[in-house]
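Worksheet for the structure shown next.
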Amino acid sequence: MPPEFEGIRVRMAPSPTGPLHVGTARTSLYNHLLARHTGGTYVLRIEDTDRARSTVEHERDIIDNLHWLGITWDEGPQVAGGDDIGPFGPYRQSQRAELYAAEVQRLLDAGSAYRCYCTPEELEAVHLEQEHRHEPPRYSGRCRDLTDVARAELEAAGRRAAIRFRVPAEVVRFSDLVRGEVEFDNALLGDFVIVRADGAPLYNFVVVVDDAAMHISHVIRGEDHLSNTPKQIAVLRALGYREPVFGHIPLILNPDRSKMSKRKSQTSITAYREQGYLPEAMVNFLAFLGWSPGTEEEVFTLPELADRFEIEHVHKAGAVFDLARLDYLNGVYIRSLTDEQLALRLRPFLPAALEDRTVLAMAPLVKERLVRLGDVTGLVGFLFESDATVATWYEAAELHPKGRGAQDAEQALNRLQAAIEPLPDADWAADLLETRAREVAAEMAWKPGDLFKPLRVAITGRTVSPPLFGSMELLGRDRCMARIDDALRKLEAEPVSASPATDR
RNA sequence: GCCCCCAUCGUCUAGAGGCCUAGGACGCCACCCUUUCAAGGUGGAGAUCACCGGUUCGAAUCCGGUUGGGGGCACCA
């Protein structure tokens, strides 16, 4: 089947040596967008050749989070343990050993690869020497042209061989989708190892074999792979494969403009997910790290992105991961949710004991105040914490109305209490409560805000809260009255010396 | 050290030779709205387009160099 009849085939090749990384997610997203935009095929391949560092937990995390982001693929490993999906499986490198062995043999037979008996210690010594002489660190070529006799001796001595690729000394040029014409002089490269002495095939070899076997037409990956490309082109030529189109997208950066790392930034998608970032916001944000539609629009759903995405419009320079901007976008997406949708998304962040109807009722109160879903507990903690706990959240002085003292606070609470206490449960609603409270304010000739403050602190335990009367409606009559009593008691216990000016 | 890549407000970016006295967004500041906080509205500060030299009637846009930054140089991926 000639590749030209298959359309664009792209792949994502995560390595399960850690949880899904922000950079991997973005690369994955760009590949997905390219496939969807062009009606091509998207392949997921798990690069688990590093058996020491790969774990099933990480693979699980990667796949779960890709799903969470809404990134779908057409071919890939079967997650639930059944068969792989697609005609070019298996899609885990750990299951493709046979192919690798066959291709290594072809390279060996053609003289494009050879056995190397140098030990890691010997190699290390050479590198040190090269460093001293300010020479580029590369393989010396000691085993490059071993005679059969020499080889036999080394093997008799019990030496295990790694297999090195014989790099042709030539200039390699390719046209990069985002960077244009790029050229490297492979004469500067040393012969690199493609199969370790323990028999494990290595990255720069297996990617090439798999990309060819899976008919990958476009290799879109991070810029950190740019310098691997000439090596891979050399291997692919030796194997007689068709050359894919390469595209190296810019890196995502730490605030100091170095490559985004765990050390300096939050890099795992799971961590953002757990804080309550929406996948829609994350996808939108990630897409704009290195790309823009060329217009001033900036809020896009995944299908809209796929519709607009052009790989040619991807930037060359790296982009700093700006958390403030992610926060903003997350707020935009949260506000665009209906109350029902928001309640559903909030559910996992709230105590199970909280009733669904309460969660739904609180949605409009918190919607425009949430940056992350996880912030909800800080906003409505007063609803599910006990009256006693809430009372510990504030000092008596915080009950004082602006510019006033304890006596005023007490008076305010007493009058408010008298005004709302007679309300039956059936009338315990935000609008009525507000009407009563405003009447009290008018009677006392206070600004409403000054009067509401002690009440807010008494009810929610904080000086900053969701809308007061809606909060009271949610809390219910009995608990509100109890909390006003608690506040009054706190005022009584307060040392008289407390100054009215301390409440700012 | 060697190789490669990159360079527009603090950040993400628009910009494909004249539409640019460089536009938008985030962030920041002020004001308005307002029961707090948000959200929203209005306005503002913020970039001699890294620098130097070409090409051109004309350059943020093209070319060269410099500087700065980044990435890569494994029996990791």
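Chain A is the first sequence line, chain B the second, and so forth, proteins listed ahead of strands; every chain is numbered from 1.
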Phosphate OP1/OP2 of [N] contacted by [X] side-chain N/O (<4.0 Å):
X	N	value
A:Arg438	B:U35	yes
A:Arg138	B:C3	no
A:Lys316	B:G70	no

Mind checking the [atom1] distance from [N] to [M]? Whole angstroms is fine.
N	M	atom1	answer
B:G15	B:C52	C1'	23 Å
B:G68	B:U8	C1'	16 Å
B:C4	B:U61	P	24 Å
B:C9	B:A22	C1'	10 Å
B:C32	B:A38	P	16 Å
B:U56	B:G18	C1'	12 Å

(message) Check this for me: does any side-chain nitrogen of one of A:Glu434 and A:Arg438 sit under 4.0 Å from a carboxylate oxygen of the other?
(response) yes
(message) Looking at A:Asp375 and A:Arg372, is any side-chain nitrogen of the basic one under 4.0 Å from a carboxylate oxygen of the acidic one?
(response) yes
Any-strand Watson-Crick or G-U partner of [N], both distances under 3.5 Å:
N	value
B:G1	B:C73
B:A7	B:U67
B:C62	B:G54
B:A30	B:U42
B:C19	none

(message) Nearest to the A:Arg335 side chain among B:U11, B:C75, B:A39, which nucleotide is it?
(response) B:A39
(request) Between A:Phe469 and A:Ser258, just flag the one whose closest nucleotide in RNA chain B comes earlier from the 5' side. (result) A:Phe469
(request) Select from A:Ala197 and A:Val182 the residue whose nearest nucleotide in RNA chain B is closer to the 5' end of that strand. (result) A:Val182
(request) Classify the side chain of A:Arg53 and the base of B:A77 as holding, or not holding, a donor-acceptor pair under 3.5 Å. (result) no
(message) Against A:Phe285, only a single residue in A:Phe321, A:Tyr333, A:Phe300 fulfils ring-ring contact (aromatic ring centres under 6.0 Å, His included); can you say which?
(response) A:Phe321
(request) With A:Ile216 as reference, evaluate A:Asp210, A:Val43, A:Val245 under the side chain to side chain contact (heavy atoms under 4.5 Å, CB included) test and give the passing residue. (result) A:Val43
(request) Answer with yes or no after comparing the ring centroid distance for A:Phe469 and A:Phe452 against a 6.0 Å cut-off, counting only values under it. (result) yes
(message) In whole Å, I'd like the distance from the NZ atom of A:Lys447 to the P atom of B:U35.
(response) 11 Å
(message) Using whole Å, what does the distance between atom P of nucleotide B:A38 and atom CG of A:Leu342 come to?
(response) 19 Å
